[in-house]
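Just below is one structure, and these are the notes that go with it.
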Amino acid sequence: MNETSDGTGDATWLATVARVGRLTQKELREILRDRRTILTLIAMPLLLYPLMAVLFLQLSFPAALQKPVSDYKVGMLTKTEADVFRDRLKQGERAVLRKRAAAKVDGRKDDPPPLPSVQPVWEEREPKNDAERAEAAERMIQRLHDGVVQVFIMLPNVQGDAKPDVSRWSPCRIYSLSNSAPAQDAISVIELLLTAANEEDLKARLNVKDLPAIHMLSVELVTVRVEARENILASLVPLILILMTITGAVYPAIDLTAGERERGTLEILVAAPVSRFELLTAKYFSVVTVAVLNAVVNLVFMTITVKWSGVNVPGLQELSLPLLLEMFGLLLVFAGFFSAVLLCLTSFARSFKEAQAYLIPLMLASLGPGVMAMMPGLKLTGVMTVLPLVNIVLMARDLFDAGVDPVHGTIAVLSTGLYAVAALALAARVFGAESVLYSEQSSWSDLLRRPDEPQSTASLPSMLWCLALMVPMQFALIAFVRSLGTLPPLASILLNLAVNLLLFGMLPAIFVSVGRVTLATGIGTSMPSTTALLGGLILGASLWPIELWLLQWTVDAHLLEERLGAALEGYRTARDSVGFLVLALAIVPAILEELFFRGLLFNALKAQSGAVITIGVSSVLFGITHVVLGGPIGLERFVPSAILGLILGAVCWRSGSVWPGMALHVCHNTILLGFAPKEIPVAWLGLAGPCALLGGLIVWWSGNGESQSEELKQ
Amino acid sequence: MISVHELTKRFPLPDGSYLLAVNRLSFSVQPGEVYGLLGPNGAGKTTTLRMLLGLLEPTSGQASIAGFGSTQHPDEVKRRVGLVAANAGLYPGLTVSEMLLFFADLYSVPQEQAEAELGRLSQLLGLADILDRRCVNLSTGQRQRVNLARALIHRPPVMLLDEPTLGLDVLGTHVVIEYIDHLRSEGKAVILTTHHLDDAERLCTRFGLMHQGELVSEGTLTELRERTGCHSLIDMFLKLSKVGPALNVPCPAE
């Protein structure tokens, strides 16, 4: 990457993209000509899914092989309700049969199949009051799970200990297990019969004068879906899809790294004037492409098997196009992540065999989270959203089942993306390194050796790893803090600060120490001009109303009040309790974040690339971190945080120092959390714009960062 | 064209000590010269070539090609060098022409020029019949010729040939040796490491004899004969293995 900050970088990047495209094309051509790839791609799914279908049918769902269910059981709370319901169904049945008979006389239809029987069953101990009815309803839902009844119908208009007014029992609530095919069939039959009964009543009412209105039994069914308890077989399907995606990526990952080394093509490849970054990126895209191709082939074979084999797996009957597309998207994310991990590991290997030895533990380790994700009761929340692999398997399971919560889903996807970038960064460092290339002369542990000489900036891979480690650590620490229960405000604030210090202070400090990074250049602590500091302060004082407005503009007002309102209120309450010590929560994270994002990470990027890449990448990572570690407001923080990151990055680049950005960030957080009113007056917003512009101009005018950028590259 | 000055490489060993692979090596090669870098196994020849090409970072010293430092401007150096290594492989799934054009692209050779060069090299190295054959189906001799063509596809002014005839039969060796001779006539600066000393005697204009990472003696064959008192390179080699740096002391008259 020889991008410069004078604008020639764009042309270089275009050329790089074009070349990576051609390199990827060559890699894919070679991989797809290999018999082993084709075997994994086509033969395995071709054998696996029909075999699975047979197993499902033979072992797990013998009912599917039998005739369709002809006797549906409907749960009801009392015998009275059940009797009325039975009469009603019989009336409907008679009406349907009459209609069929009439149709036959007219010669309009062939013989329809016989109507299945629908038998109500009821609680033996009749509930006497609301509490008992609720308990009885719980027991009946349990019977749904046990498969004793297919549906459970509850009459909502029962008050206190009164008996249900069965003459006015509309609408009914009908409970069924989500994704249960027999339940859907039973509902269809019940709807058919009750509709026929209703129609007959309507006709009777139209024909008979003076019929009392009370006998008009218009039945309306309100379906309530009871979430099916985790079915191991249903959870197995997404896990298999994920494992097949892994299988698809393994061979190309080994072949394109350790295979190159073994064949003796790696040396001639790195002897060409192409950066290792370009070579690895092409290999990464190739592995991802093959993995995704594998995922697509598996999805297609699975869909065909499910649609045509008659297999009756809960969750798979409704394989709609949107669901398949969502699943494809998820597998794409997963393929991106796992390919990066595979390349990272196989880049260490000097031979095919060595790479296989590295990957066997990884594959076994991957099964652990996969199987764990099948455990009943495990939800895609909290730390589960950031646990690699577990989050994707849980997400896949939820996609097939009740759907994915958007916030948790986004956190899972973003954290997975972050891990992928970190793995890829390490792979880029290892791939073609002399320790791997010339194993006879040096060991790969040399890669982890502390540098002999002090380094002016941290390495980009180390900073990305630091960031990737922050994510699960943060979730673990928050879980620990929550386990302590409700704490006094002061203790809560101190714990919060400790978590911040640990994540953004201690963790980067370890990386700095191991990498022998010189703090002055690594963080960029050179003293800026007074005007740059002044510009930073003006920006900090004027940006917060704009940020709040932006938040209001991008986020639904109700949601904003619900989430941000509660957070700000929490700060106000804490302020009342512990005074302005609460501002430590605004100031300390701001300082630590600046030291990391505009210090270590920024300078690691700056040492390798120009302004656009450095500021752009650091601000996107800043935004993602605020989403993943967002606390009360997650997704909605991305746009404002990324924009703030852009401004802070520009200030840091222009001033060549971390201090003006830090002044900006501290000032911004202090006002936002300590003094900002609930409602922002329009005049403030009007004033904030010109002030922010003025601050920006002052920073721009005082800038000397360009020359420092060149020094860093030297 | 090629300049090596005080080049040193130390490899760290697991016990904390270091292996001195190349020690303060200095020599230069001009265009039209074939420089024979000779020495027993483990003398540091391959390590030297790798440092020249920027594949290994020197512990100290400088290596440069056409004025570009290997450490400071590795891409400029790589652009000017063609490397043929004994253990270099081919992509089994690609055809010979796909492989050669792929490398031409890596060296940013325009497509038309690459195709013209492919035609020229296939004639010179006898590859015309196997251009559409997958590399996995080639014989050892054919592979080495493809490797030579791959190193030349971007018309580099400098060639680094690390035991290019290793494992080849007499006929294969002959083709490669003939081509190296042709490279000299084209004015390329060539460094050749080989254990085929008779071929080296015929091809090389100057020699550098290495022993345990150090350049023990350097000069034309006549100069080496005078300095060592040995008539042939084989004798010099045998003496080198016995007396090491004392090679330059002439043998007692036989």
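The chains referred to below are lettered A, B, ... by the order of the sequence lines, with proteins before strands, and numbering in each begins at 1. None of the values given here were measured: they were computed from a predicted structure.
- Counting heavy atoms from C-beta on, the side chains of B/Leu7 and B/Ser26 never come closer than 4.5 Å.
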Report task. Report the C-alpha distance between B/Lys78 and B/Leu53 in whole Å, list the side-chain angles of each, state the deciding distance to 0.1 Å, and finish with yes or no for side chain to side chain contact (heavy atoms under 4.5 Å, CB included). Result -> CA-CA 6 Å; B/Lys78 286 172 181 175; B/Leu53 196 46; 4.1 Å; yes

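- Heavy atoms of A/Arg19 lying under 4.5 Å from chain B belong exclusively to its side chain.
- For chain A, no part of B/Pro74 is nearby; none of its heavy atoms comes within less than 4.5 Å.
- Between chain A and the options B/Asp105, B/Leu83, B/Val84, B/Val77, the largest number of non-hydrogen pairs under 4.5 Å is found for B/Asp105.
- Side-chain contact check for B/Phe27 versus B/Tyr35: some heavy-atom pair is nearer than 4.5 Å.
- Using a 4.0 Å cut-off between charged nitrogen and carboxylate oxygen, A/Arg33 and B/Glu98 count as a salt-bridge pair.
- Residue with the most contacts toward chain A among B/Ala88, B/Ser108, B/Ala151, B/Gly89: B/Gly89 (heavy-atom pairs, distance under 4.5 Å).
- Contact annotation for A/Glu260: only side-chain heavy atoms (C-beta onward) come within less than 4.5 Å of a heavy atom of chain B.
- By the 30° and 60° cut-offs, the orientation of the rings of B/Phe68 relative to B/His73 is perpendicular.
- Only the side chain of B/Phe102 comes within less than 4.5 Å of a heavy atom of chain A; its backbone N, CA, C and O stay farther away.
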